[in-house]
Amino acid sequence: MSSTLPGVALAHNPVIRARILEYLGGSDLRATTAVFLSRCDLATPSASEARTPAELDCFLENNLDVGRSLWDRESFLVHFDLDYFNFDFPAEAYYDRPRIFGFMGPVADFMGEFLAEYGIRPLWLLTGRGYHFVWQFSQGAPFFRELVDWGYLPPET
């Protein structure tokens with residue numbers, strides 16, 4: 001049995017590393033389009049600290065969950081989150097998954113079909129409470145400028 005930590009093995013597996021780098025928008029750490037990385041395994045997400053993509057190995061070698069920024073140097077990334085919440089019984093999604101995913105599945109399927117009508121093929125992610133759809137628009141897309149104009153950056157404090 002190996003004493004290597006799982007994250008260390010991940011950091012050095014070329015297939016897994018290539019897929020992680022692709023998700024960060026590049027083929028090596030110097031050429032990623034993601035602006036920053038952060039931990040996504042914190043009890044208090046607001047306490048996360050932004051790190052450069054060059055620090056990916058530190059995340060992996062310390063077995064930390066890593067999230068990439070939606071802020072990207074070349075694209076507009078979209079993350080549509082379809083999660084189940086029950087305010088009276090917050091853990092319900094974890095206790096009765098067949099029921100929860102039974103009625104969420106058709107909604108997720110509809111979302112996939114709806115996006116496909118517009119030529120969007122998102123990355124579908126399944127979590128313990130639902131679905132995430134992630135896709136991107138290049139800065140050259142005809143409607144990119146309109147999307148940027150909808151957003152705003154808060155004033156610096």
Side-chain angles (χ1 to χ4, degrees), residues 2-87 89-95 97 100-101 104 107-108 111-112 115 118 120-141 143-157:
S2 171
S3 63
T4 304
L5 294 172
V8 174
L10 287 176
H12 299 291
N13 180 303
V15 174
I16 293 172
R17 185 176 191 79
R19 181 62 183 104
I20 292 170
L21 290 170
E22 177 187 349
Y23 187 68
L24 297 178
S27 57
D28 65 63
L29 289 176
R30 294 177 306 275
T32 61
T33 60
V35 174
F36 64 86
L37 305 177
S38 66
R39 288 179 60 182
C40 56
D41 58 348
L42 296 172
T44 309
S46 62
S48 66
E49 296 179 29
R51 302 288 184 181
T52 68
E55 296 178 77
L56 174 65
D57 290 333
C58 181
F59 282 84
L60 298 176
E61 290 171 0
N62 288 292
N63 293 313
L64 302 173
D65 286 345
V66 59
R68 67 150 290 158
S69 63
L70 291 178
W71 185 4
D72 190 271
R73 290 183 180 87
E74 296 180 2
S75 301
F76 179 80
L77 273 69
V78 179
H79 180 179
F80 181 83
D81 190 2
L82 176 63
D83 278 344
Y84 177 83
F85 288 99
N86 180 333
F87 293 104
F89 182 35
E92 181 181 16
Y94 301 105
Y95 283 104
R97 288 184 181 178
I100 301 309
F101 284 94
M104 287 183 67
V107 177
M111 183 66 182
L115 292 172
Y118 292 92
I120 298 169
R121 296 179 54 223
L123 170 65
W124 284 43
L125 303 169
L126 182 63
T127 69
R129 290 193 320 222
Y131 300 87
H132 296 252
F133 302 85
V134 182
W135 68 96
Q136 69 185 32
F137 299 110
S138 71
Q139 288 184 10
F143 46 83
F144 182 83
R145 185 76 249 155
E146 185 177 341
L147 290 171
V148 170
D149 290 343
W150 285 354
Y152 69 94
L153 291 175
E156 292 190 35
T157 54

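Since the structure is predicted, the reported quantities are computational estimates derived from the model, not experimental observations.
Judged as a ring-ring contact (aromatic ring centres under 6.0 Å, His included), and not counting sequence neighbours, F76 has no contacts. Listed by chain and residue number, R68, L70, D72, S75, Q136 satisfy the side chain to side chain contact (heavy atoms under 4.5 Å, CB included) test with L77 (two or more places apart in sequence, or in another chain). Evaluation of the side chain to side chain contact (heavy atoms under 4.5 Å, CB included) rule for R121 yields no partner, not counting sequence neighbours. The side chain to side chain contact (heavy atoms under 4.5 Å, CB included) test applied to F80 returns L82, M111, F133, W135, not counting sequence neighbours. Checked against ring-ring contact (aromatic ring centres under 6.0 Å, His included), F87 has no partners two or more places apart in sequence or in another chain.
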Start with the C-alpha distance between I20 and L60, add both sets of side-chain angles, then the distance that settles side chain to side chain contact (heavy atoms under 4.5 Å, CB included), and finish with yes or no. CA-CA 11 Å; I20 292 170; L60 298 176; 4.3 Å; yes
Could you walk me through whether D83 and H132 pass side chain to side chain contact (heavy atoms under 4.5 Å, CB included), step by step? CA-CA 8 Å; D83 278 344; H132 296 252; 3.9 Å; yes
With side chain to side chain contact (heavy atoms under 4.5 Å, CB included) as the test, would you mind laying out the steps for I100 and Y94 before giving the verdict? CA-CA 9 Å; I100 301 309; Y94 301 105; over 6 Å; no
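When all heavy atoms are compared, the tightest approach of V15 to N13 is N-OD1, 3.0 Å. Taking both residues in full, the closest heavy atoms of E74 and Q139 are given as O-CG, 3.1 Å, listed atom of the first, atom of the second, then distance. Nearest heavy atom pair, residue R73 against residue A34, reads NH1-O, 3.0 Å. Shortest non-hydrogen contact noted between G130 and F101 is N-CZ, 3.6 Å.
Open room surrounds OH on Y118; 12 or fewer heavy atoms of other groups in view lie less than 6.0 Å from it.
Between R17 and D57 there is a salt bridge, with a side-chain nitrogen of the basic residue lying less than 4.0 Å from a carboxylate oxygen of the acidic one.
Using cut-offs of 30° and 60° for the angle between ring planes, the W124 and Y131 rings count as perpendicular.
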Output a table of donor-acceptor pairs, distance under 3.5 Å, between side-chain atoms of residues 21-28 and any protein atom two or more places apart or on a different chain; print 'none' if there are none.
residue	atom	partner	partner atom	Å
D28	OD1	R30	N	2.8
D28	OD1	A31	N	3.2

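Two residues are said to be in side-chain contact when any heavy atoms from C-beta on lie closer than 4.5 Å; R51 and L56 fail this criterion.
Atom CG in L29 sits 10.5 Å away from atom CD in E55 (nearest 0.5 Å).
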